[in-house]
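Inspection log for the structure reproduced underneath, given as structure tokens.
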Amino acid sequence: MPKKFTRFFLGLVIITAVIVALAYWLFTGALAQYYIPVYPWLLAFYVMVSAAVHFFHLKAKDADSKKYPRYSIAVNGGKIFLYMLFIVVYIFLERATAVPFLFGFFILYMIYSGYETVMLYKSK
């Protein structure tokens, strides 16, 4: 399991570095008016949640196969709940920048969830 998780985490760091470079290029140029200071924190949030979810999926995969579906649904449900909580809290605190935040959140969700799904599929 540590080798699979290490490979996943290395890929996660590479994807995050590419996103940071692309975001820097976009937000210092054409999309400068849409930059909000929460974006770096949003990236850190996604890296932490993705790493934790993948770790728990790998741990559950090594356990009893009958419990894996239940455990997987619980982990994914917790992840979605955490994402929704993050969105709701941000929107209540910062209504003026809600649209750029939601757009960025959705793009990052698609990227990181796609990566998690591909790596989980490859680990089986």
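Annotation: the span from Ile15 atom CD1 to Leu10 atom CG amounts to 10.0 Å, rounded to 0.5 Å. Between the CD1 atom of Ile19 and the CD1 atom of Ile14 there is a distance of 12.0 Å, given to the nearest 0.5 Å. Of the inter-residue distances, the one linking Phe27 atom CZ with Gln33 atom CD reads 9.5 Å to the nearest 0.5 angstrom. Atom CE in Met110 sits 4.5 Å away from atom CZ in Phe106 (nearest 0.5 Å). Taking NE2 of His57 as the reference point, atom OH of Tyr71 lies at 9.0 Å (rounded to 0.5 Å).
Residues Lys122 and Arg7 meet the side-chain proximity criterion, which asks for heavy atoms closer than 4.5 Å. Side-chain contact between Ile91 and Leu102 is present, with heavy atoms from C-beta onward closer than 4.5 Å. In this structure, the side chains of Leu43 and Tyr112 come closer than 4.5 Å at one or more pairs of heavy atoms. Here the side chains of Ile111 and Tyr46 are not in contact, with every heavy-atom distance at 4.5 Å or above. In this structure the side chain of Lys79 reaches within 4.5 angstrom of the side chain of Ser113, judged on heavy atoms. A 4.5 Å side-chain heavy-atom check between Ile80 and Tyr109 finds at least one atom pair inside the cut-off.
Val99 is not connected to Ile36 by any chain of hydrophobic side-chain contacts under 4.5 Å among Ile, Leu, Val, Met, Phe, Trp and Tyr, and they are in different clusters. Leu22 and Leu108 end up in the same hydrophobic cluster when Ile, Leu, Val, Met, Phe, Trp and Tyr side chains are linked at under 4.5 Å. No chain of hydrophobic side-chain contacts below 4.5 Å, direct or via other Ile, Leu, Val, Met, Phe, Trp or Tyr residues, connects Val18 to Val118. In terms of hydrophobic clustering, with Ile, Leu, Val, Met, Phe, Trp and Tyr side chains grouped at heavy-atom distances under 4.5 Å, Val38 and Leu85 are assigned to different clusters. Both Val13 and Leu58 are members of a single hydrophobic cluster when ILVMFWY side chains are connected at heavy-atom separations under 4.5 Å.
Taking the centre of each ring, Phe101 and Phe105 come in below the 6.0 Å mark. In this structure, the ring of Tyr83 has its center less than 6.0 angstrom from the ring center of Phe45.
Nearest heavy-atom pair, Leu12 versus Thr16, reported as atom, atom and distance to 0.1 Å: O-OG1, 2.8 Å. Here the closest non-hydrogen pair linking Leu82 and Val49 is CD2-CG2, 3.7 Å. Of all heavy-atom pairs spanning Phe5 and Ala51, the tightest one is CE1-O, 3.3 Å.
Environment of CZ in Phe86: crowded, with over 12 heavy atoms of neighbouring residues, nucleotides or ligands closer than 6.0 Å.
Residues meeting the side chain to side chain donor-acceptor pair (under 3.5 Å) test with Tyr39, sequence neighbours left out: none. In terms of the ring pair (Phe, Tyr, Trp, His ring centres under 6.0 Å) criterion, residue partners of Phe8 (sequence neighbours excluded) are, by chain and number, His54, Tyr115.
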